[in-house]
Every structure is written in C-alpha cells, then in structure tokens.
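Residue numbers start from 1 in every chain, and the chains themselves are labelled A, B, ... in the order their sequence lines are given, proteins ahead of strands.
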Amino acid sequence: MSKQPANIVQILRERGLVVQVSAEAELDEHLTSACRTVYCGFDPTAQSLHIGSLVPLLALRRVQLAGHRPIALAGGATGMIGDPSFKAKERKLNSLEVVGEWTERIKAQVSRFIDFDCGENSAIVANNLDWTQSLDVLTFLRDIGKHFSVNAMIAKESVKQRIEREGEGISFTEFTYMILQSYDFAVLNRQYGCTLQIGGSDQWGNITGGIDLTRRLNQQQVYGLTMPLVTKADGTKFGKTETGTVWLDPSLTSHYAFYQFWINTADADVYKFLRYFTFLDVAEIDAIEERDKSAAGKPQAQGILAREVTKLVHGAEGLAAAERITEALFSGDLSKLTEADFAQLALDGLPTTKKPIAGLSLVDALVSTGLASSNRAAREFIGNGAVNVNGEKVSDPAAVIDPVQAMHGRYFLLRRGKKQFHLLQAE
RNA sequence: GGAGGGGUUCCCGAGUGGCCAAAGGGAUCAGACUGUAAAUCUGACGCGCAAGCUUCGGUGGUUCGAAUCCACCCCCCUCCA
C-alpha cells in the first residue's frame, strides 16, 4: 500500500537529530526493507507536554511520513514513578488521580501529531499502565527483575550523579524506573512488533535496557535511537521565557506567547531549530541561512521558524491569531486598531484584565495585571521609562489611569519593557 | 538502630550572637545600543513612598539583641549495623 519506507535514521541524521544509534548498519537494513513499528514514550509529569517534548513528538511524525508505523506511548505507569535519568534530585510522587488525568491529556495532545488513518502505518497510542498495573510483585521480580544486573544499572551514566554526588541519593522507586521502561519495549515488541524506540539522549540508558530485556524475554533483536536534547548557544535553558515554561497546551501558553517564543530565538540557534522543529527541507533551510547572511539587517529565519512551528502545533487558526496580535503590538501604530480588533486581541490570547478603572493608579494597574510583581517594582519600571500606556511612554510614578484616554472608551494597552503587553479593559 | 554531616532569600553558595534583608556567582527584569537578536555598559532584584516590617527547615527557649546559642521535632546525605 505505501511505497518502500525511507531510512528514517538517515532523515533524522541530516537534520542533526541523531545522537546515539544501536547497531546502525543492521538498523539501516531493517528500516529500509519493510514498514517497521517505532515507539516513543511521553511521561505525564504535568497537565501538558512542553516544547521540550517537541523534538521526539515531531520525530514520530517524521517516522510516519517515512512510511513506518509510530506508537506514542503515554506513561500512565512510569509517570507515577518518575524517571531519574540525569535528574539531580528525587522527585515528588503525584497522586494516582492526578497522573491519570494528565495521562489522558497527554494522549490527546500526542495524537494530534500523528495520523491514525493512513493504512498499514496508521499510528497507535498506548498507555503503559495497561500492562504495568496488573503486574504483581513476584512476577516483576522473578520474570523481569532477574534479567537486570544492579551492577550494570548503577553504572549507567544517567543515574551516576545521583549515586556518586555528595548530598543526593536515589530511592528504590526511581531506581526501578528503568526496568519499567524496558518492560514497555518488550511488551510493545510482543504486542505490535515494535522494533525501534526513539527518545531524547537522556533516554539512552533506558532504551538500551529495553533492548536487552526484549532480547532476553522475546528473543527479538530490537533497536534504539536517541535525539539531542535541545540546548541554546548562550547556555541558558531551552523552553523557558520570563513567564515560565512554554507549553503545548494553548490554555497554558497562548498561541501568541508560543509564537513569540520562537520569534525571540537567537541567531546562533535559529537555523538549528529550523532543522529540529520544522519539516522544511534541509536544502531550503540552508538557503534561508545563506540569504540571511548575505542580506544586512534583520534575518528572516526567526519569522519562518515561528510561523512553521506555531502552525504545526496550533494549526493555521492559531498561527493567524498569533500573527494578529504580533502585528498589532509590534507595528507601533495602535491607532489603526478598531474596537473589534481589541476584542479579538483578547480572544487571541493577549493577556487581559477587566477591572474598574475609576481612580486606578498606574502603579496599581501594573501590579494587578501582573506586569510588575510589587508596587515598588512598578515604580521602578515607571521611573526607568519602561512603561507605556496606549503607545505613550509614562514616566511619572504618580500617574493615574485616565478614563478619558481609554481607546474606544474602555481599552488600555499597557506595555512594560519591550515585549510585555497587557490589555486592561475598563469594567 | 549507631556515628557523623547538612537544610540560608529563584538556583548555587558565604555567613556561626549585634556592623545581616544577609557576601559572591548564576538566572531573571529594566535602561542604553540594536533587529522583539547577540555581545557590552548601567541599574534593579523580600515587602513598604517612608519610618519600618516579615525572612535563613519547624516549634519552643536563652539573651537587651539570634540565620548564628540551647531543647525537641521534621527532612536529606555519608559511613557502620
């Protein structure tokens, strides 16, 4: 039905998305000879995935586009344990109900990136709670645990700092995580013929554990591949903004905020990110880079990246909403905005506060909209000339919101610094 | 169970009776410069307009005065059993 599957390793490699591969030559042959089943797990550690999961998520889609069958695994069971891999500290356990709810959300979220109705390589979503829940202790210890050497487990790089670092430790619970994930691979291999697991490079230890276990349990040769964890050239953490984590769920990170995150990508990272986070051809990305280099001034890459990724994650409508706000806020001319535009901005995800404005001081307004964390900070911002109301800089700390100056009778667009906007709506 | 070490403001980390709202670094925020970039420079970074107030795992205590001393409790680590 589908054409000869493409070598997904090759595809990932040319985008810089491969860190480790097991038995590469064999895997090449394995992947080009037939449609294979590939899995990647996502643990419910919050109510939504964030952009840190985007690389593996998109990789599953790449896998499918290459003609293979993707399985997105929601970690309903593993999420209750907590992956210790490269984590400096033991994590708090979340309750059963909470993890259960998160798992459902993550299943839905993951499902948007892969196709469930495309013939033999239609995607599958699974939940490892389905086979882990019923596992009893003795079976676990005798049939699964027996295949693991503690000596080998503590030698894993991923738990090294927890074992060696002074002042830290690892509970048996987290230490066991690797065994659960390994078992997942064996089960998926048995149930769906899954032969390749992909994940972030921090997953290498868990993946190789699964390869070994599958061989012992099922007498099957399976493979693993890891992708880079996204890093930024300046060394700061990827995926955070002044307002916190960039989530995939639009109720946690608006379309607009999501788009803005990508717009603000540093030059040093943007071409790499285009390869990581878009489906643009590598040659096309190189061409964009060439063009930006030869043209003086502002590069185009950030805009392309923001549009591509926002569209991938939030669809054409989400992108349109994000662009509407961006255009309105950063074009510099607010007078063009109609009353309907203002209403739309609020709907599109521009942070908005409705409150009575009679006698409201600018300081209060900044604090109540969250643009400043305290009165003192608000005064400082105003004194620094960092605050802007309806396009006009206000530098008097005693300033009061004047209802007469409202746009369309009730809107005030507050700006703090260059990029933080908030719509204040009179009530 | 025993012995020892430790819990400081977002993070790391100094501070061992007053000069401590607490050194230093990082992160973050703002201003200047710019391209809603990077680098750099400047400033801010518990709350309060201020006087001052509330912080150093928790609770009590000693003291004119405690992050610093004492008691008990909770949590973490290391070694021994």
Asks: A/Ala266 has a side chain; which of B/C29, B/C47, B/A38 sits nearest to it?
Replies: B/A38

Asks: Report the residues that fulfil side-chain contact (heavy atoms from CB on, under 4.5 Å) with A/Ile81, sequence neighbours left out, ordered by chain and then residue number.
Replies: A/Thr173, A/Tyr177, A/Leu180

Asks: Please report, rounded to the nearest Å, how far the C1' atom of B/G35 is from the CD atom of A/Gln302.
Replies: 9 Å

Asks: Looking at A/Ser374, does any N or O in its side chain come under 4.0 Å of the phosphate oxygens OP1/OP2 on B/G48?
Replies: yes

Asks: For A/Ser158, what residues pass the side-chain contact (heavy atoms from CB on, under 4.5 Å) criterion, not counting sequence neighbours?
Replies: A/Ser85, A/Phe86, A/Lys156

Asks: Establish whether the base of B/U36 is bridged to the side chain of A/Gln260 by a donor-acceptor pair shorter than 3.5 Å.
Replies: yes

Asks: C1' atom, B/C75 versus B/U34: distance in rounded Å?
Replies: 49 Å

Asks: Rounding to the closest angstrom, what is the interatomic distance between B/G13 and B/A27 at atom C1'?
Replies: 14 Å

Asks: Please work out if A/Ala268 contacts a base, only the sugar-phosphate, or nothing of the nucleic acid, heavy-atom cut-off 4.0 Å.
Replies: nothing

Asks: Tell me whether the centres of the aromatic rings in A/Phe277 and A/Phe238 are closer together than 6.0 Å.
Replies: yes

Asks: What is the nucleic acid contact for A/Pro397, judged by heavy atoms within less than 4.0 Å: base, sugar-phosphate only, or nothing?
Replies: nothing

Asks: Considering every strand shown, what is the Watson-Crick or G-U wobble mate of B/G65 when both distances are under 3.5 Å?
Replies: none

Asks: Hey, is A/Glu14 close enough to A/Arg275 for a salt bridge, meaning N to O under 4.0 Å?
Replies: no

Asks: Any idea which of B/G43, B/G48, B/A37 is nearest the A/Glu380 side chain?
Replies: B/G43

Asks: What is the nucleic acid contact for A/Asn384, judged by heavy atoms within less than 4.0 Å: base, sugar-phosphate only, or nothing?
Replies: sugar-phosphate

Asks: Hunt down the Watson-Crick or G-U wobble partner of B/U78, both distances under 3.5 Å, from any strand shown, or write none.
Replies: B/A3

Asks: If you compare every side-chain N and O of A/Arg416 against the phosphate oxygens of B/A30 (OP1, OP2), does one of them come in below 4.0 Å?
Replies: yes

Asks: Specify the separation, in whole Å, of atom CZ of A/Phe421 and atom P of B/A30.
Replies: 12 Å

Asks: Could you check, using the six-membered ring where one of them is a Trp, whether A/Tyr183 and A/Phe148 have ring centers closer than 6.0 angstrom?
Replies: no

Asks: Name the closest nucleotide to the A/Asp267 side chain, picking from B/G31, B/A37, B/C45.
Replies: B/A37

Asks: A/Arg376 side chain: which of B/C49, B/G35, B/C47 is closest?
Replies: B/C47

Asks: Round to the nearest Å and state the distance from A/Asp364 atom CG to B/C49 atom C1'.
Replies: 13 Å

Asks: What does B/U36 pair with, Watson-Crick or G-U, if both distances are under 3.5 Å?
Replies: none

Asks: Using whole Å, what does the distance between atom P of nucleotide B/A37 and atom CG of A/Asn264 come to?
Replies: 6 Å

Asks: Quantified in whole Å, what is the P atom distance between nucleotide B/G26 and nucleotide B/C70?
Replies: 35 Å

Asks: Which whole-number value in Å describes the distance from A/Leu305 CG to B/U36 C1'?
Replies: 14 Å

Asks: What distance, rounded to whole Å, do you find between the two P atoms, one in B/G6 and one in B/A21?
Replies: 25 Å

Asks: Tell me: NZ of A/Lys393 to P of B/A30, nearest whole Å?
Replies: 14 Å

Asks: Rounding to the closest angstrom, what is the interatomic distance between B/U9 and B/U54 at atom C1'?
Replies: 12 Å

Asks: Write down the distance between CZ (A/Phe381) and C1' (B/C49), rounded to a whole number of angstrom.
Replies: 18 Å

Asks: Find the distance between CE (A/Met227) and OH (A/Tyr276) and round it off to the nearest 0.5 Å.
Replies: 10.5 Å

Asks: Choose from B/C47, B/G35, B/A30 the nucleotide whose nearest atom is closest to any side-chain atom of A/Lys298.
Replies: B/G35

Asks: Looking at the side chain of A/Lys418, which of B/C49, B/U34, B/U36 is the nearest nucleotide?
Replies: B/U34

Asks: Base, sugar-phosphate, or nothing for A/Phe330, non-hydrogen atoms under 4.0 angstrom?
Replies: base

Asks: Considering only side-chain heavy atoms of A/Asn375, which listed nucleotide, B/A37, B/C29, B/C49, is closest?
Replies: B/C49

Asks: Write down the distance between CG (A/Asn388) and P (B/A30), rounded to a whole number of angstrom.
Replies: 13 Å

Asks: Counting side-chain heavy atoms from CB outward, which of B/C47, B/U36, B/A30 is closest to A/Thr326?
Replies: B/U36

